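Encoded as structure tokens, the structure appears first; notes follow it.
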There are 2 protein chains.
Amino acid sequence: MIIIQEAESARRNGSSSSLVTFAKGTPIYREGDTSHYWYEVVSGIVRTCRFLADGHRQLTGFYYAGEVFGIEDDSHGETAEAVTDVFIRRHERTADTLEDVDSAASKSHRLALQRALQAARDCIFLFGHKTALARVAAFLIAMTERMHARGDVELPMSRSDIADHLGLTIHTVSRTMSDLARQGLIALDGPKSLRILDGARLRALAGDDIVGNGKRNPALVS
Amino acid sequence: MIIIQEAESARRNGSSSSLVTFAKGTPIYREGDTSHYWYEVVSGIVRTCRFLADGHRQLTGFYYAGEVFGIEDDSHGETAEAVTDVFIRRHERTADTLEDVDSAASKSHRLALQRALQAARDCIFLFGHKTALARVAAFLIAMTERMHARGDVELPMSRSDIADHLGLTIHTVSRTMSDLARQGLIALDGPKSLRILDGARLRALAGDDIVGNGKRNPALVS
DNA sequence: CGAAACCTTGACTTTAATCAAGGTACGTGG
DNA sequence: CCACGTACCTTGATTAAAGTCAAGGTTTCG
């Protein structure tokens with residue numbers, strides 16, 4: 001990890017942030033580490049995960065440019081690693097910054113918490129009663145939307161990352177992607193590059209429309 | 001729903017709370033409802049859930065006496081229902097109470113957010129790569145600990161609730177419970193009442209010990 | 001150019017869902 | 001108090017889905 005810049009932003013709150021960089025595959029913090037900082041992706045992609053004794057790994061999220069992670073109090077409940085080479089803005093977490101609700105840091109922290117909770121619940125929802133096909137379809141849609149892509153999608157993470165995120169094996173992920181390609185819903189230009197050919201049918205497969213109040217998942221809206 | 005008491009607690013913040021009661025099976029709020037309040041269980045049990053178009057339901061949590069739910073900003077992302085007859089303390093959510101970080105309300109709100117995030121992530125973890133046996137075992141352990149029970153456990157929720165919570169069918173939940181009983185790990189005194197006979201083996205089955213930093217899930221500690 | 005890591009695919013096995021039936025507990029009304 | 005109905009729970013047989021085992025192909029990077 002290399003510190004690029006020490007910025008004394010928001011000086012009145014006593015909070016400071018620095019721009020740091022991590023090479024592909026290296027850890028940013030580890031499960032159990034004390035939360036000295038919280039983080040914001042400047043460029044590249046980050047994954048957060050936990051490890052089980054039986055060797056399994058569960059990815060709890062991917063974070064793209066502009067997104068925030070590592071916002072737990074006290075100690076980090078998960079490990080964060082760089083999926084690609086990344087630039088990260090690292091924000092100091094002092095008693096001050098968290099207590100002063102007017103600070104930009106505290107506001108964005110609260111918002112990040114809300115968003116993290118929403119994301120975690122969406123994930124639970126996806127895991128509950130969904131087939132491999134639905135999970136992969138939902139994943140592809142989510143990634144497309146987060147990259148603001150239109151048709152062309154880059155998947156910077158490995159099949160193993162995707163599998164550990166969706167609660168599947170790499171085999172099932174691979175097979176499912178091939179199935180989607182065979183059915184003409186997507187085109188695989190390579191393992192990490194694909195095009196979405198039939199977004200509507202893909203969304204239908206993901207099938208995450210919610211009953212009640214006429215409220216629907218934004219993923220459904222074309 | 002019956003309002004029992006209107007309390008003007010924490011008057012200086014302009015926040016107030018009331019004690020209300022709901023009959024078994026009735027909704028406390030619905031998915032999409034504007035978040036006018038947040039809630040605290042006084043007695044009884046509450047479940048939160050979401051519904052899919054295909055008829056499936058996903059329970060995102062059970063809440064026991066003393067626990068807090070419905071803490072999302074803006075609008076509720078899930079429905080809350082009474083599992084048993086319940087008494088609920090309903091807290092008003094005004095711009096004031098949330099901005100004033102010194103208020104007890106805001107502090108407990110933030111803590112509740114953190115805890116909700118932790119709970120959601122534990123749930124994801126459970127769902128990722130776990131067999132029906134491990135899920136049911138983990139569920140029984142979690143329920144035992146939350147009720148501060150020692151051996152004897154009451155399960156006030158139906159098999160259907162448990163199934164929708166664990167991402168299984170009622171059949172699999174029922175079979176798995178019977179298996180555990182057959183193996184002598186638990187004794188079923190009735191569908192809603194059981195005793196844990198071999199907590200150690202049950203924990204081993206749940207297998208949620210985490211690798212790294214020597215930090216382990218509290219559920220593992222006997 | 002070669003090695004290592006990663007991805008895809010096929011055959012088989014395991015797990016949980018589905019289909020189907022019967023049992024149990026509880027509440028209501030006769 | 002008992003009979004009946006309903007909702008809930010359990011269990012068995014069968015089917016579908018994803019994991020495991022195994023092998024071969026591709027990409028990437030030194």
Side-chain angles (χ1 to χ4, degrees), chain A residues 23-25 47 52 54-59 81 83-85 126-140 154-183 186-194 205 207, chain B residues 23-25 47 52 54-58 83-85 126-140 154-183 186-194 205 207:
Chain A
K24 182 175 171 174
R47 65 172 172 248
L52 283 102
D54 65 6
H56 278 295
R57 182 181 64 152
Q58 178 65 51
L59 295 214
E81 297 169 339
V83 173
T84 61
D85 291 348
L126 183 70
F127 275 26
H129 271 287
K130 293 233 174 145
T131 174
L133 199 62
R135 293 183 195 197
V136 171
F139 176 76
L140 292 180
E154 294 298 310
L155 296 178
M157 66 290 290
S158 67
R159 291 285 184 275
S160 177
D161 282 343
I162 299 172
D164 289 347
H165 184 49
L166 299 180
L168 302 169
T169 61
I170 55 169
H171 311 265
T172 302
V173 171
S174 186
R175 268 189 257 271
T176 306
M177 296 259 224
S178 299
D179 281 353
L180 288 173
R182 222 168 287 128
Q183 289 175 39
I186 62 173
L188 290 165
D189 299 333
K192 308 215 158 168
S193 168
L194 59 86
L205 278 179
Chain B
K24 182 175 173 175
R47 64 172 173 248
L52 282 103
D54 64 7
H56 278 295
R57 181 181 65 152
Q58 177 66 51
V83 173
T84 62
D85 291 348
L126 182 71
F127 275 26
H129 271 287
K130 292 235 176 144
T131 176
L133 199 62
R135 292 184 196 197
V136 172
F139 175 76
L140 292 180
E154 293 298 309
L155 297 178
M157 67 290 290
S158 69
R159 290 286 184 272
S160 177
D161 283 342
I162 298 172
D164 289 347
H165 184 49
L166 299 180
L168 302 170
T169 60
I170 55 169
H171 311 262
T172 301
V173 170
S174 186
R175 266 189 258 273
T176 305
M177 295 258 224
S178 299
D179 282 353
L180 287 172
R182 221 167 288 128
Q183 290 174 40
I186 62 173
L188 290 165
D189 298 333
K192 309 217 159 168
S193 168
L194 59 87
L205 278 179

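All of these numbers come straight from a predicted model, not from anything done at the bench. Proteins come first, then strands; the chains are lettered A, B, ... in the order of their sequence lines, and each starts at number 1.
- Looking only at distances, a side-chain donor or acceptor of Gln58(B) sits under 3.5 Å from a matching main-chain atom of Asp164(B).
- Comparing dG19(D), dT27(D), dT15(C) by their closest approach to the side chain of Thr131(B) singles out dT15(C).
- Atom CZ of Arg135(A) and atom C1' of dG19(D) are 13 Å apart (whole Å).
- The shortest distance between the side-chain N/O atoms of Ser178(B) and the OP1/OP2 oxygens of dT11(D) is below 4.0 Å.
- Nucleic acid contact for Gly167(B): sugar-phosphate only, since backbone atoms but no base atoms lie under 4.0 Å from a heavy atom of the residue.
- The shortest distance between the side-chain N/O atoms of Arg159(B) and the OP1/OP2 oxygens of dT10(D) is below 4.0 Å.
- Between Ser158(B) and dC8(D), a side-chain N or O to OP1/OP2 separation shorter than 4.0 Å is absent.
- Within the 4.5 Å cutoff, side-chain heavy atoms of Lys130(A) are placed close to those of Leu52(B).
- Checked by distance alone, His171(B) brings a side-chain donor or acceptor within 3.5 Å of a matching partner on the base of dT11(D).
- Judged by distance alone, with hydrogens and angles left aside, the side-chain atoms of Ser193(A) form no donor-acceptor pair with the main-chain N or O of Asp189(A) at under 3.5 Å.
- Using a 4.0 Å heavy-atom criterion, one finds that Ser174(A) contacts the bases of the nucleic acid, with or without backbone contacts as well.
- Atoms CG (Asp179(A)) and C1' (dA17(D)) sit 12 Å apart, rounded to a whole Å.
- Rounded to whole angstrom, the span from the CZ atom of Arg175(A) across to the C1' atom of dC12(C) amounts to 11 Å.
- The phosphate of dA16(C) has neither OP1 nor OP2 within less than 4.0 Å of any side-chain N or O from Thr169(B).
- Taking every side-chain heavy atom of His129(A) into account, dA17(C) is the closest of dT9(C), dT10(D), dA17(C).
- The nearest whole Å value for the distance from the CE atom in Met157(A) to the C1' atom in dA5(C) is 18 Å.
- The base of dT8(C) is not paired with the side chain of Arg182(A) by any donor and acceptor separated by under 3.5 Å.
- If Asp189(A) and Thr172(B) are placed on DNA chain D by their nearest nucleotide, the residue sitting closer to the 5' end is Thr172(B).
- One atom, CE of Met177(A), and another, P of dC6(C), lie 15 Å apart when rounded to the nearest Å.
- Taking 4.5 Å as the limit, every side-chain heavy atom of Leu59(A) sits out of range of all side-chain heavy atoms of Met157(A).
- Computed from coordinates, the Leu155(B) CG to dC9(D) C1' distance equals 13 Å when rounded to whole Å.
- Rounded to an integer number of Å, the gap from Leu188(B) CG to dT11(D) C1' is 14 Å.
- Here dT8(C) presents its C1' atom at 9 Å from CD1 of Ile170(A), a figure rounded to the nearest Å.
- Using a distance-only test at 3.5 Å, with no hydrogens or angles considered, a donor-acceptor pair links the side chain of Arg159(B) to the main chain of Pro191(B).
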